[in-house]
Amino acid sequence: VKDLDMIAKLESGMKLEQNTFNIVKTASDVFDLLELKASKKNIAIGFQEPYDFPIPVKADQEKIEQVLINLLSNSIKYGKINGSTLVNIHTHSSHRIVIDVIDDGIGIDKTNLPRLFERFYRVDKSRSRVQGGSGLGLAIVKHIIEAHDQEVFVKSTLGKGSTFSFTLNKSI
């Protein structure tokens, strides 16, 4: 129900609360939130490399936290036992950064990639009862990122894993 409410608000033009925050700290807080879920499958979650300094961005922190929760939760849900989910933050341009969520999970067949961000779209309908979820997580991610006038991307290889990426404005 929360996901349906969120998508309805996003589609009707929910107002964003833009502020400056440290994306490294926000991602770290999401790791802490999902640590137990990851440990049940012995999936290591963390940064691809250490960030010894803050990376300030300008966005709606609560909504970006939701994006990270959705992407990391999916990565854990479809991850391999004893696998990993890593976050990489890097420069996209002089005013943007890219956040990658990289996993070594089951991956997604390329025929499913064009529809992946549609509401209620499930890659494998037979697993939906086992895996749970509303089928709205990636649609919510897309709406939030596009509401920020940013982009979201996915690269995946079946059996090898996926990388979900999105851009954010640097705080100047």
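Here, residue 1 is the first one in the sequence, and each next residue gets the next number.
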From CA spacing to verdict: side-chain contact (heavy atoms from CB on, under 4.5 Å), Leu168, Val98: CA-CA 7 Å; Leu168 285 178; Val98 176; over 6 Å; no

Value rounded to 0.5 Å, distance of CD1 in Ile144 from CG in Leu16: 8.5 Å

Working for side chain to side chain donor-acceptor pair (under 3.5 Å), residues Tyr51 and Asn88: CA-CA 10 Å; Tyr51 297 98; Asn88 183 35; 3.1 Å; yes

Under 3.5 Å side-chain donor-acceptor pair for His148 and Asn169: no

4.5 Å side-chain heavy-atom contact, Val57 and Phe21: yes

Contact check, side chains of Val154 and Phe166, non-hydrogen atoms, under 4.5 Å: no

Between Asp60 and Gln18: side-chain donor-acceptor atoms closer than 3.5 Å: no

Check against side-chain contact (heavy atoms from CB on, under 4.5 Å), Ser162 and Lys155: CA-CA 6 Å; Ser162 303; Lys155 292 185 288 184; over 6 Å; no

Considering all heavy atoms, the nearest Lys170-Thr91 contact: NZ-CG2, 3.5 Å

Expected output: side-chain Ser156 to main-chain Gly161 donor-acceptor under 3.5 Å: yes

Sub-4.5 Å side-chain heavy-atom contact between Asn22 and Pro56: no

Spacing of OG1 belonging to Thr20 relative to NZ belonging to Lys58, to within rounding of 0.5 Å: 4.5 Å

From CD1 (Ile45) to OG (Ser28), nearest 0.5 Å: 9.5 Å

Val24 vs Phe53 side-chain heavy atoms within contact, under 4.5 Å: no

Min side-chain heavy-atom separation Ile43-Asn82 under 4.5 Å: no

Glu35 side, atom CD; Lys40 side, atom NZ - distance, nearest 0.5 Å: 12.5 Å

Crowding at CD, Glu49 (>12 non-hydrogen neighbours, <6.0 Å): yes

Note, Thr167 side chain near Ile97 side chain (heavy atom, < 4.5 Å): no

Verify same cluster id: Val30, Ile102 (apolar side-chain graph, 4.5 Å): no

Ser39 (side chain) donor-acceptor with Leu36 (main chain) under 3.5 angstrom: yes

Euclidean distance, Glu62 CD relative to Asn19 CG, rounded to 0.5 Å: 10.0 Å

Ion pair Glu151/Arg96, N-O distance below 4.0 Å: yes

Over 12 non-hydrogen atoms of neighbours within 6.0 angstrom of NZ in Lys37: yes

Backbone N/O of Ile69 and side chain of Ser73: donor-acceptor pair under 3.5 Å: yes

Closest approach of Gly107 to Leu158 (non-hydrogen atoms, all atoms of both residues): O-CD1, 3.8 Å

Heavy-atom pair of closest approach, residues Val101 and Ser75: CG1-CB, 4.4 Å

Flag for Asp103-Thr85: side-chain donor and acceptor within less than 3.5 Å: no

Value rounded to 0.5 Å, distance of CD1 in Ile145 from CZ in Phe153: 10.5 Å

Check against side-chain contact (heavy atoms from CB on, under 4.5 Å), His90 and Asp100: CA-CA 8 Å; His90 53 96; Asp100 300 318; 2.7 Å; yes

Candidate pair Val67 and Leu71, rule side-chain contact (heavy atoms from CB on, under 4.5 Å), full reasoning: CA-CA 6 Å; Val67 165; Leu71 293 177; 3.9 Å; yes

Val87 side chain near Ile99 side chain, heavy-atom distance below 4.5 Å: yes

Same cluster (ILVMFWY, side-chain, under 4.5 Å), Phe31 and Val141: yes

Side-chain (Lys41) to main-chain (Gly79) donor-acceptor, under 3.5 angstrom: yes

Side-chain heavy-atom pair Asp104, Lys160 within 4.5 angstrom cut-off: no

